[in-house]
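Below: the structure, in structure tokens.
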Number of protein chains: 4
Amino acid sequence: MSGYFGPVQPLAYDPDAEGPALRHYDRDEVVMGKRMEDHLRFAVAYWHSFGWEGGDPFGGRTFDRPWFPADTMELAEARAEAAFDFFRILGAPFFCFHDHDVRPEGGSLTESRDRLNRIADIFEAKMAEGGPRLLWGTANLFSNRRYMAGAATNPDPDVFAYAAATVRDCIDVTHRLGGQNYVLWGGREGYETLLNTDLGQELDHMGRFLSLVVDYKHKIGFKGTILIEPKPQEPTKHQYDYDVATVYGFLRRYGLENEVKLNIEQGHAILAGHSFEHELALARELGILGSIDMNRNDYQSGWDTDQFPNNVPETALAYYEILKAGGFTTGGTNFDSKLRRQSLEPEDLVMAHAGAMDVCARGLKAAAKMLEDDRLEAARRDRYAGWNHPEAQAMLAEGATLEGIADRAVADGLDPQPVSGRQEILENLVNRYV
Amino acid sequence: MSGYFGPVQPLAYDPDAEGPALRHYDRDEVVMGKRMEDHLRFAVAYWHSFGWEGGDPFGGRTFDRPWFPADTMELAEARAEAAFDFFRILGAPFFCFHDHDVRPEGGSLTESRDRLNRIADIFEAKMAEGGPRLLWGTANLFSNRRYMAGAATNPDPDVFAYAAATVRDCIDVTHRLGGQNYVLWGGREGYETLLNTDLGQELDHMGRFLSLVVDYKHKIGFKGTILIEPKPQEPTKHQYDYDVATVYGFLRRYGLENEVKLNIEQGHAILAGHSFEHELALARELGILGSIDMNRNDYQSGWDTDQFPNNVPETALAYYEILKAGGFTTGGTNFDSKLRRQSLEPEDLVMAHAGAMDVCARGLKAAAKMLEDDRLEAARRDRYAGWNHPEAQAMLAEGATLEGIADRAVADGLDPQPVSGRQEILENLVNRYV
Amino acid sequence: MSGYFGPVQPLAYDPDAEGPALRHYDRDEVVMGKRMEDHLRFAVAYWHSFGWEGGDPFGGRTFDRPWFPADTMELAEARAEAAFDFFRILGAPFFCFHDHDVRPEGGSLTESRDRLNRIADIFEAKMAEGGPRLLWGTANLFSNRRYMAGAATNPDPDVFAYAAATVRDCIDVTHRLGGQNYVLWGGREGYETLLNTDLGQELDHMGRFLSLVVDYKHKIGFKGTILIEPKPQEPTKHQYDYDVATVYGFLRRYGLENEVKLNIEQGHAILAGHSFEHELALARELGILGSIDMNRNDYQSGWDTDQFPNNVPETALAYYEILKAGGFTTGGTNFDSKLRRQSLEPEDLVMAHAGAMDVCARGLKAAAKMLEDDRLEAARRDRYAGWNHPEAQAMLAEGATLEGIADRAVADGLDPQPVSGRQEILENLVNRYV
Amino acid sequence: MSGYFGPVQPLAYDPDAEGPALRHYDRDEVVMGKRMEDHLRFAVAYWHSFGWEGGDPFGGRTFDRPWFPADTMELAEARAEAAFDFFRILGAPFFCFHDHDVRPEGGSLTESRDRLNRIADIFEAKMAEGGPRLLWGTANLFSNRRYMAGAATNPDPDVFAYAAATVRDCIDVTHRLGGQNYVLWGGREGYETLLNTDLGQELDHMGRFLSLVVDYKHKIGFKGTILIEPKPQEPTKHQYDYDVATVYGFLRRYGLENEVKLNIEQGHAILAGHSFEHELALARELGILGSIDMNRNDYQSGWDTDQFPNNVPETALAYYEILKAGGFTTGGTNFDSKLRRQSLEPEDLVMAHAGAMDVCARGLKAAAKMLEDDRLEAARRDRYAGWNHPEAQAMLAEGATLEGIADRAVADGLDPQPVSGRQEILENLVNRYV
Ligand SMILES: [Co+2]
Ligand SMILES: [Co+2]
Ligand SMILES: [Co+2]
Ligand SMILES: [Co+2]
Ligand SMILES: [Co+2]
Ligand SMILES: [Co+2]
Ligand SMILES: [Co+2]
Ligand SMILES: [Co+2]
């Protein structure tokens, strides 16, 4: 026990508590036939919660954690100790990690791998004692200066190879720890200026890299899902995995649309000019919805603020799309959230997560009720009901032609009249649930 | 002759002119082995130049043209007269039109089609007298209230059929007039709220519609290119043809990536969070670069301002990407630009186009020089030169595996060192040309 | 009675209703010692609800109201009839109008004024029968093409004079109808391009115009408040009344900061890069908080979407700032909201307003509870408590000097330690109320 | 000599050079009666050029300078050596610094001050040998964690005092080194969340702090200008010095509008939703234009990218506004620009500055020609010529009333007709110069 968070008592569910508690998230409450824990599948992000020091472009570390700067294995172990204390307090069923945030990088690939495995030993032991499971692992291919011009898309093929070795090691560890997914976020797979960039070559290399990863997964028998996390920009001016639609086209181009799914983050959706529910609905329809990072952005900031979720109407609409997709399979709800850099205290970390879990629980319950009541879906079905008619279906069926449809339209003297979209009424309807 | 623009004298090329002239665009000047006219393939947009009345969301018509409101065939004919006078003054080799802006819609599909054909007769005659050729035609599937919830993606199948009939007629006329392309801009193919929208069904209908159009094109022997014009939003909150990458994924999904190309507009690129050159380069690499709408947006406005181009460094970077793609084939440079609504005079319309042609000509010449000098490309090749080495190529070749690459990286003790991206030096280099 | 909305039955307060009702807004419920009706002071905007036809930049009228296009006095009267039916159904205590939306403009200033007065006669009669009171009147100085380059800031002094006459007439009518405020929204007081604009002269003219208005108000004994409604842009590229801070500086410059207050719209706050609560809090601190337009924007759209409010956490934060200011005096909550253009039915108009009233009522009640419980304010006071100490106060008191403070800091060996800002904990706290 | 940049040879002016040179900036060329050096008054920013390590939110140091991390006085001295070599190579007449980037902070205010003075001794010696003059000094009140919640606006009064002591020391050093201005950029004078913020109190403290600074300046006889640098956000969610208009209101509120001017940065203008030329023109009209930071942002990035200027049409419009203001007095053109973090080489730093100086020189020369030719100003005067008429002037003169103007408008039967704003023609005109 690290002692950092005081005596380790799991947060209790208590809707009427004055002090620290979970007011809405009762893991065992059954919603649409499933325990909330199994619906939401919360995960804590190791990097933001235990690796991030509170710096920003205009200032350095504000957090005063005993394990910082964690540049020795001893400090990294102290960090692991604190992290698992925290997981127990929170009662989160999952966690996620980057190699970079669990151990200091070594002087060589081999040393880095060894260190990663030593930390994995600790994780394994803690997990065996009833600690959380691993939602996903990932490799940090963006912080070290060797990756400043990309990893798989670096103009230097040695960086491609270095990244391949790093991903291999991270998948191995993820596999060993029973990870349910493996994530690739291509933070530097993009460009700062087109002037020095061969867009076509870089995209091909990125496709190639992903194919290698998919093959490797199968070879080692890793049953988890490979996930790409889209983001439009930042740190790069343009990131290739821009948004759901872009990644879909990329997967199709390289024949990977049945092998890879997406980890979708609310903040990244917003940066790309979309609502979170749009990205979720689109991924669902394209068959590539995998997991979510449930951390929001500030709508007035043009960069990724990675804040804890706090708006119930927003989380309700997100879980509504997820429930419509049948819920998570290997995926879950990861809080890829940073404390604000002024939130210095251990209590801030605990309460930020507790508040987020409650906001998600409220959202889930509202979404479930809305889906069960079926009013929204009934209105939607009704709106498209015309397409059930035979002559409508015929237009979609094999053999239909533009001229055939056109001739019928003329012959029938079609003069379609607009019908109310009822947007405000539907918005009001949603408000009855949130 | 309409008389609207005074005596019709084509604008002359005169670099030293004080008054109205073309100062940089000499159509016969040979650039990289081709006349500028054949490079740039300028087109005037009928709708903005002759149909737009100067309204905005907070005020109505400001332009006082003799043919407004053009709601009778007589006025529509007067408009055509003025338009062809204008084309002659400008010496633009092409024009583009929507059905909606050349004739008032009729009371039925048949009447609308007949009216369209009567105007097409006039166009045909004028074109035969040496008027401009038709770069592309298109159907306006967004202004009439029947399309308020989409055309191909409307919840009402009758609207789908109505749109099909309209497009059939517009392709027919485009074909008859020798149009080199046919464009679809799905202004209302999108949604205002996800709450009333079946995203998956609408996308399928849109894919279906496009397939029908492609089949029809082949059946009638239309040799032009079918083009989609992406735009992320406005009028809809979300438009399905969001940007180049999104449309690419859409085409792949419905097996149309070899049948359809893109008409890319600078203003729409900006609205989607991209630079124009990004969209052009990406379309080139994806093999779907077709044509451009060379009208810019104001970077500080969040809606599509459709302004005439006026920044030479920007047009140079755009034509650089186009020259790298080998130039236009069926495509060209359309000015889908509106006068500002305070620019009331005929002279404003003439000079706006003349200035735009000059800005494009300067951009093209700078781009051509930059490409011929090969400094930028040499720097780019040099940056990726490592990929020419055999062990680099091996990573991309069949049979390579993640673990094989990883093992080699470990064995070779790779420790790749970052290399300067030289962004500022390359930007300075570009500035030597613009 | 117009019959347009069917039989006119005021919406009842019924929290458990299935059909149309007010579920949260009970006008007589007492909150913090005041009836909700007196807190919220709801107003319907005549223009959006009865004047707007459903057009957008890519399409024309979608709404099929019997009084459109309202270009005769008869149709304008039919519109008034329907509007007052609607006010009664809704039970809104106030309405607002522009001259432009209540009567067709006449062929001269005199005729326009006469028509305005004839409509005002109707209003007066309806109001006397128990209809709503007038929250504010205003003059539309942006729709007619004469105002395309501004009203008070037009380069043509005749437009300044024309606008002065129009405002005079509108204030007169507002005064006669017992209006509680008079609003100026300078939709075209700005510029499209700096290249043709004399910024300094235009600002001086705008200041001059406002001074004339203020003087006139006093002369005629109008006791209402003169309000400016800030907006950063749209229709203009730059609007002089950009945001609260900008208007404050403008008022100071022309000595009007004690004469004029602000009407703050959520959508305009967002367009200016601010949260609504920021604009409200700032206006309160600057002493210029007057009234609000409670219509939101879509965060993903770069133009003013003027949607009905639908997010309770947002309305709660807005009313929290208003309650901290002591509530409205002459101001109120105006819905400067447009139906979406697909919301065609009378029912859409009714339900959109009802839903908005409920969302505001929920927000108000949450805000009041939050303020009464005092937890948020206690935390805030605690955070600044250090400033109550004598040596802190001394730094703010007359006679303090930079060097004196500096010397003390050195002498005391100050080494201030950061304290948690507790942002997430406070956000969680707010979530206990919404 | 540091040796870092190789042999120190000042860059020569050579328009035809192949290698490193100044192609457009000839310091002695006379433009509008003044040497270009005296017009442009270029300054190098010590922090970005010598203090910034190439980190971003997703990665650490990329630059491998011999003086990093500069956390000892020896390294700080090595840095100074390199900086002055660089100044000599560039031939820039000025530099700017923060206390934070010239010396490591000490363990106490006294030690920090002593260290600052020891570095100032070195600067003084170097400057005496013909090095550049000091355009401005400033205190970094945002990097240290003590300032995480603001400096003058910190809830802790000890931070206010600490900041006061720091600014005192920095003004003293700026004064001693003959600085021509002293700048305050309130990077953390703002808030992350309104929930924990007392907006009114913080603004008062900020006003108080600025008054203390102004008083101190006078007391010590510092003749330079006190400048505020506006920025809307980043690092904070909201920064109080949002933009020119906001700072103007702030200065008026605290009676400082005649004491303080502005340092305006292009990138910050863009973040605030303005064009750079807007901010410059507005500051000029308000009488508070002081100096500029000539570094641009990427229009597609929502954060401050601080890139070197590279678009001549943009710099031309900026210098046009400055020339109209009569040029700089104590101000100048500071490059508050960062190399891209991939631009690792000493050559990148030299060439980035050289390119920027050339871009500014081209802009200045274009602006001067445009102003001398007077076409743009003639068009502008002509547009407002109506205001020279007596009845127009009478509306602005004392004694005019709204009703008097209104009565005249009615009596004269005014019916003002719109006049073309000629935007495209003016844009074309500008393009003849750039
Ligand atoms: Co993120
Ligand atoms: Co994430
Ligand atoms: Co457009
Ligand atoms: Co277009
Ligand atoms: Co609005
Ligand atoms: Co409003
Ligand atoms: Co900056
Ligand atoms: Co700056």
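Numbers restart at 1 for each chain; the letters A, B, ... are given by sequence-line order, proteins then strands.
Atom CG of A/Leu402 is separated from atom CG of B/Leu210 by 10.5 Å, given to the nearest 0.5 angstrom. How far CD1 of B/Ile405 is from CZ of A/Arg208: 6.5 Å, rounded to the nearest 0.5 Å. Note: A/Asn196 CG to B/Leu426 CG = 6.0 Å, rounded to the nearest 0.5 Å. Here the CG-NE2 distance, from B/Leu194 to A/His274, works out to 11.5 Å after rounding to the nearest 0.5 Å.
For A/Leu317, the part lying near chain B is the side chain, with the backbone staying farther off; criterion is any non-hydrogen pair under 4.5 Å. Using a 4.5 Å cut-off between heavy atoms, B/Leu251 does not touch chain A at all. Only the side chain of B/Leu203 comes within contact range of chain A, judged by heavy atoms closer than 4.5 Å. Heavy-atom distances place both the backbone and the side chain of B/Arg145 under 4.5 Å from chain A. Proximity to chain A (any heavy atom under 4.5 Å) is restricted, for B/Glu202, to the side chain, taken from C-beta onward. When heavy atoms are compared at a cutoff of 4.5 Å, B/Leu109 approaches chain A solely by way of its side chain, counted from C-beta outward. At a 4.5 Å heavy-atom cutoff, B/Ala379 makes no contact with chain A through either its backbone or its side chain. Using a 4.5 Å cut-off between heavy atoms, B/Tyr320 does not touch chain A at all. The contact between B/Thr110 and chain A is made entirely by side chain atoms (from C-beta outward), counting heavy-atom distances below 4.5 Å. Residue A/Asp215: no heavy atom, backbone or side chain, is found under 4.5 Å from chain B. Using a 4.5 Å cut-off between heavy atoms, B/Ala397 contacts chain A through its backbone alone, with no side-chain atom that close. Both the backbone and the side chain of B/Arg253 come within contact range of chain A, judged by heavy atoms closer than 4.5 Å. Using a 4.5 Å cut-off between heavy atoms, B/His278 contacts chain A through both its backbone and its side chain.
Counting only distance, with no hydrogens or angles, the side chain of A/Glu321 and the backbone of A/Arg284 share no donor-acceptor pair below 3.5 Å. Side-chain N or O atoms of B/Arg252 include one that pairs as donor or acceptor with a backbone N or O of A/Arg252 at under 3.5 Å. One N or O on the side chain of B/Glu279 and one on the backbone of B/Val244 form a donor-acceptor pair closer than 3.5 Å.
In terms of the side chain to side chain contact (heavy atoms under 4.5 Å, CB included) criterion, residue partners of A/Ala163 (sequence neighbours excluded) are, by chain and number, A/Leu141, A/Tyr147, A/Ala151, A/Phe209. With sequence neighbours left out, the side chain to side chain contact (heavy atoms under 4.5 Å, CB included) criterion links B/Ala149 to A/Arg383, B/Asn154, B/Pro155, C/Gln342.
Comparing B/Gly249, B/Ala409, B/Ala281, B/Ala406 by how many heavy-atom pairs each has under 4.5 Å with chain A, the most go to B/Ala406. Of the listed residues (A/Val167, A/Leu286, A/Val430), the one with the most heavy-atom contacts under 4.5 Å to chain B is A/Leu286. Most heavy-atom pairs under 4.5 Å with chain B: of the set A/Thr246, A/Asp198, A/Val410, A/Asp412, this distinction falls to A/Asp198. Interface remark: of the candidates B/Lys219, B/Arg113, B/Arg381, B/Lys219 forms the most heavy-atom pairs closer than 4.5 Å to chain A. For the set A/Met148, A/Arg146, A/Glu403, the count of heavy-atom pairs under 4.5 angstrom toward chain B peaks at A/Glu403. No other option in A/Glu377, A/Glu192, A/Glu285, A/Gln417 has as many heavy-atom pairs under 4.5 Å with chain B as A/Glu285. When the candidates B/Leu376, B/Thr197, B/Leu199, B/Asp415 are compared by the number of heavy-atom contacts under 4.5 Å with chain A, B/Thr197 comes out ahead. For the set A/His389, A/Glu391, A/Met395, A/Lys237, the entry with the most heavy-atom pairs within less than 4.5 Å of chain B is A/Met395. Comparing A/Val159, A/Thr193, A/Leu429 by heavy-atom pairs within less than 4.5 Å of chain B, the highest count is held by A/Thr193. In terms of non-hydrogen atom pairs under 4.5 Å with chain A, the most contact-rich of B/Gly386, B/Pro418, B/Ala272, B/Ala245 is B/Pro418.
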Can B/Gln423 and A/Tyr191 be said to form a side chain to side chain donor-acceptor pair (under 3.5 Å), step by step?
CA-CA 11 Å; B/Gln423 179 165 339; A/Tyr191 61 78; over 6 Å; no
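In this structure, A/Arg168 is not positioned above the aromatic face of A/Tyr216 in the sense of NZ or CZ being under 6.0 Å from the six-membered ring centre and within 45° of the axis.
Inter-residue side-chain proximity for B/Leu184 and B/Tyr182 is flagged as met; some heavy-atom pair is nearer than 4.5 Å.
Side-chain atoms of A/Arg380 and A/Tyr384 form no donor-acceptor pair, as typed in the model, at a separation below 3.5 Å.
Separation of the B/Phe222 and B/His218 ring centroids does not fall under the 6.0 Å cut-off.
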